[in-house]
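Residue numbers start at 1 and run along the sequence shown. What you see is a predicted model, and the numbers here were worked out from it, not measured in a lab.
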Amino acid sequence: MDSSGLLRGLLFLGLLSVLCHGQASQEVSAEDFTVDKPEPAADRDLIDALETLLGRMHNRISYEKRGSIPLCGMGDRCAMKYGPRIGKLCDCGRGANCNSYLLKCI
């Protein structure tokens, strides 16, 4: 029985030393988080480049919903004939209708 007690004691000490060593290695110093900040001029250059890129992309994106028909003015061509069918090019404004013979807003 004496050897089993000694074995338990050594096992307990080994486990305790492993746990203590694991806690000591998790400590973090302020030196680990030092970050070199870039120069403000480099930041401005990056911001300017990003703004120009976003400006170009904003011009390419159309905000029309898919399937929506734009409005046309009076006298504009509002439809196109495809054989026996008529396809709408645009929608006439208030008080105007698309004439199916002339294919213009009247």
Q) Taking C90 and C72, which are both Cys, do their SG atoms fall under 2.5 Å of each other? A) yes
Q. How about C105 and C92, are their SG atoms within less than 2.5 Å of each other?
A. yes
Q | Donor-acceptor contact below 3.5 Å, side chain N97 vs main chain N99 | A | no
Q | From L53 atom CG to D48 atom CG, the distance as rounded to the nearest 0.5 Å | A | 12.5 Å
**Q.** Shared hydrophobic cluster, Y101 / I86 (ILVMFWY, side-chain heavy atoms < 4.5 Å)
**A.** no
Q) What is the minimum heavy-atom distance between M74 and A96, and which atoms define it? A) SD-CB, 3.4 Å
**Q.** Considering all heavy atoms, the nearest L103-C98 contact
**A.** C-SG, 4.5 Å
